[in-house]
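Take a look at the structure set out below.
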There are 2 protein chains.
Amino acid sequence: MTGKVDHEKRRRQIAEALLRIADTEGLQSASMRAVATEAGVSLRLVQYYFTTKEGLLLDAFARLGTQLQARMQRWIGEARAPREVVTAILSCILPTDAESRRITRTYTAYYTLVLTDAEAIGKHGVSQPDLLESFLVKQLRAAREAGEIAPERDVEMAAAGLLAMVNGLGQSVLGGQRDGEAALAILTHHLDELFLPSAGG
Amino acid sequence: MTGKVDHEKRRRQIAEALLRIADTEGLQSASMRAVATEAGVSLRLVQYYFTTKEGLLLDAFARLGTQLQARMQRWIGEARAPREVVTAILSCILPTDAESRRITRTYTAYYTLVLTDAEAIGKHGVSQPDLLESFLVKQLRAAREAGEIAPERDVEMAAAGLLAMVNGLGQSVLGGQRDGEAALAILTHHLDELFLPSAGG
DNA sequence: ATGCATGTGATACACATGTACCATGCGAAT
DNA sequence: ATTCGCATGGTACATGTGTATCACATGCAT
């Protein structure tokens with residue numbers, strides 16, 4: 001019944017079980033046993049493939065980051081004009097469909113951990129927001145040079161503000177204050193004020 | 001050694017011990033025993049004044065809300081012009097000093113709970129963001145009628161965007177992406193673009 | 001003085017958790 | 001055929017958790 005199994009496949013199976021639990025019930029419910037059951041394997045196997053719980057947590061977190069990155073590239077890939085790229089970057093994070101709702105919720109579940117166990121998980125994902133922000137700055141700068149944004153606009157400030165706004169909007173959607181469409185409308189409204197009236201999505 | 005003790009005083013002593021733990025180590029470390037030790041009382045007393053842990057969690061959460069509200073009124077009280085009031089509302093939430101850092105961190109600690117145990121804690125604090133937003137809308141509308149904001153501006157959209165931005169900026173500060181002053185600078189920049197150039201703090 | 005409610009202490013209980021340990025089946029190399 | 005390492009199952013152990021229970025002291029009303 002044994003015979004050289006695909007380690008990566010098993011690890012993914014287990015890690016995604018954890019992410020599923022983190023999404024639906026929160027990370028505090030993601031015990032080793034719960035993950036094992038959700039993944040359909042024995043507790044021993046979870047230990048076997050991820051010696052410690054911290055290892056499992058870290059690996060699953062890395063996978064979550066990869067998933068978000070993949071989604072973002074998929075969304076950006078469909079964009080052509082600079083404004084479309086910017087819109088893609090920002091609205092892709094918003095919890096408007098099932099996938100982004102899942103990713104956002106799960107990220108939020110991890111967020112608390114990052115704040116208290118900063119040294120453990122922190123160093124793995126803290127650079128990502130900065131990378132995203134500088135990428136957004138680059139896109140905004142390109143849009144400004146293409147004449148889609150007024151030249152006197154400060155794109156660094158705009159990028160930081162938009163990113164923070166999108167995060168905050170995501171929070172409000174998850175908290176039930178408004179739905180995804182309303183959040184997207186707010187984002188679009190602010191993009192309308194940043195970009196000059198002309199071409200656009 | 002007994003003799004009619006002040007219940008409210010004891011409850012506050014214990015609830016604030018929990019908030020202190022939630023701030024520094026996160027809510028997952030706030031066990032009944034840890035709270036008892038932090039408050040300098042026996043485990044039995046925590047049980048006595050808050051029968052169940054959920055009760056303690058809820059009471060402490062309510063107190064946290066009160067603290068934030070008090071801070072906001074204190075900040076607003078020093079403001080005179082409409083723009084100053086708006087600035088006070090928004091920057092008061094930003095983790096720029098020790099108090100707001102504490103409040104923001106602790107709120108974040110609760111946020112995860114609200115997402116998973118929505119029915120329990122949710123109904124107690126979910127209305128507050130909406131109230132805050134409509135209050136901000138009212139202030140912005142007043143500012144617009146006072147000629148401090150261009151008449152074609154959509155104040156509802158602006159209010160929602162600003163509030164979300166401030167929340168997102170707070171997240172980034174807590175996550176160590178930037179410090180409180182940088183966050184405040186980003187907020188100020190956006191307020192500069194919303195308000196017409198004239199008077200202001 | 002007695003009894004009862006209030007405030008406080010110590011401890012027990014049942015359960016969940018992360019991890020460690022022992023056992024077994026199976027393929028491959030010797 | 002034996003041996004060895006990989007993959008897996010089962011289970012034990014120590015600890016931490018929320019809550020319940022027993023015990024005792026003190027103040028107030030009778």
Side-chain angles (χ1 to χ4, degrees), chain A residues 1-22 24-61 109-110 112-114 116-117 119-121, chain B residues 1-22 24-61 109-110 112-114 116-117 119-121:
Chain A
M1 196 200 280
T2 321
K4 257 345 184 219
V5 94
D6 185 350
H7 263 227
E8 163 55 21
K9 185 179 167 186
R10 276 253 180 284
R11 284 175 67 92
R12 185 177 50 198
Q13 173 188 4
I14 295 174
E16 291 196 340
L18 183 145
L19 291 180
R20 231 172 299 140
I21 294 179
T24 56
E25 310 172 53
L27 265 186
Q28 77 276 144
S29 302
S31 67
M32 297 265 111
R33 286 166 176 82
V35 171
T37 304
E38 171 72 24
V41 300
S42 73
L43 169 62
R44 181 66 181 84
L45 274 205
V46 182
Q47 286 187 265
Y48 182 72
Y49 287 100
F50 304 91
T51 318
T52 173
K53 182 177 186 180
E54 185 181 353
L56 170 58
L57 244 26
L58 255 54
D59 184 82
F61 186 57
Y110 268 99
T112 307
L113 266 201
V114 176
T116 54
D117 297 12
E119 71 295 336
I121 305 195
Chain B
M1 195 198 279
T2 319
K4 246 13 174 195
V5 94
D6 185 349
H7 264 227
E8 164 55 20
K9 185 179 166 188
R10 277 253 178 284
R11 286 174 67 92
R12 185 178 48 196
Q13 171 188 6
I14 295 173
E16 291 196 339
L18 184 146
L19 292 180
R20 230 172 299 139
I21 293 179
T24 56
E25 312 173 52
L27 264 185
Q28 77 276 143
S29 302
S31 67
M32 296 266 111
R33 286 165 177 84
V35 171
T37 304
E38 171 73 24
V41 300
S42 75
L43 169 61
R44 181 63 180 89
L45 274 204
V46 181
Q47 285 188 267
Y48 181 72
Y49 287 99
F50 304 91
T51 319
T52 174
K53 182 177 186 180
E54 185 181 355
L56 171 56
L57 245 25
L58 253 54
D59 184 83
F61 187 58
Y110 268 99
T112 307
L113 268 201
V114 176
T116 54
D117 295 12
E119 71 293 339
I121 305 196

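Just so it is clear, the model here is predicted, and its values are computed rather than measured. Naming: A, B, ... by sequence-line order, numbering from 1 per chain. Note: hydrogens, waters and symmetry copies are ignored here, and every other heavy atom, side chains too, is used.
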What's the shortest heavy-atom distance between A/Ala22 and A/Ala109, and which atoms?
O-CB, 4.0 Å
Indicate yes or no for a side-chain donor-acceptor contact from B/Tyr49 to the backbone of B/Leu56 under 3.5 Å, with no hydrogens or angles considered.
no
Report the distance from atom CZ of B/Arg33 to atom P of C/dA12, rounded to the nearest whole Å.
12 Å
Between B/Ser31 and D/dT17, is there a side-chain N or O to OP1/OP2 distance below 4.0 Å?
yes
Between B/Ser42 and C/dG9, does any side-chain N or O lie under 4.0 Å from OP1 or OP2?
yes
Does the side-chain contact (heavy atoms from CB on, under 4.5 Å) test come out yes or no for A/Leu57 and A/Leu18, once each step is laid out?
CA-CA 8 Å; A/Leu57 244 26; A/Leu18 183 145; 3.7 Å; yes
Among C/dT19, C/dG9, D/dG18, the nucleotide that comes nearest once only the side chain of A/Leu43 is considered:
C/dT19
For A/Gln47 and D/dG9, what is the distance between atoms CD and C1' respectively, to the nearest whole Å?
12 Å
Could you check whether any side-chain N or O of B/Ser31 sits under 3.5 Å from a backbone N or O of B/Ala34, counting only pairs where one atom can act as donor and the other as acceptor?
yes
Heavy atoms from C-beta onward define the side chain here; which of C/dT19, C/dT8, D/dA7 lies closest to that of A/Lys53?
C/dT19
In sequence, state the C-alpha distance, the side-chain angles, and the governing distance for A/Leu27 and B/Gln28, and then conclude on side-chain contact (heavy atoms from CB on, under 4.5 Å).
CA-CA 10 Å; A/Leu27 265 186; B/Gln28 77 276 143; over 6 Å; no
Separation of D/dT17 atom C1' from B/Leu57 atom CG, nearest Å, is 14 Å
Residues in contact with DNA chain D, drawn from residues 6-19 of chain B - heavy-atom cutoff 4.0 Å:
none
Within this structure, what is the CE-to-P distance between B/Met32 and D/dT17, rounded to whole angstrom?
11 Å
Report yes if a donor N or O on one partner sits less than 3.5 Å from an acceptor N or O on the other, where the partners are the side chain of B/Arg44 and the base of D/dT21; otherwise report no.
yes
Does B/Thr52 place a side-chain N or O at less than 4.0 Å from the phosphate oxygens OP1/OP2 of D/dT19?
yes
Students often mix this up, so state it plainly: with edges at 30° and 60°, are the rings of A/Tyr110 and A/Phe61 parallel, tilted or perpendicular?
tilted
Nearest-Å distance for atom pair CG/P, residues A/Leu27 and C/dT17
13 Å
Describe the nucleic acid contact of B/Tyr49 in one word from base, sugar-phosphate, nothing, applying a heavy-atom distance below 4.0 Å.
sugar-phosphate
For A/Arg10 and A/Gln13, what are the C-alpha separation, side-chain angles and deciding distance, and is it a side-chain contact (heavy atoms from CB on, under 4.5 Å)?
CA-CA 5 Å; A/Arg10 276 253 180 284; A/Gln13 173 188 4; 2.9 Å; yes
Provide, to the nearest angstrom, the distance between the OH atom belonging to B/Tyr48 and the P atom belonging to C/dG9.
12 Å
Value in whole Å for how far the P atom of D/dT8 lies from CG of A/Leu45
5 Å
In this structure, how many angstroms lie between the P atom of D/dG18 and the CD atom of B/Gln28, rounded?
12 Å
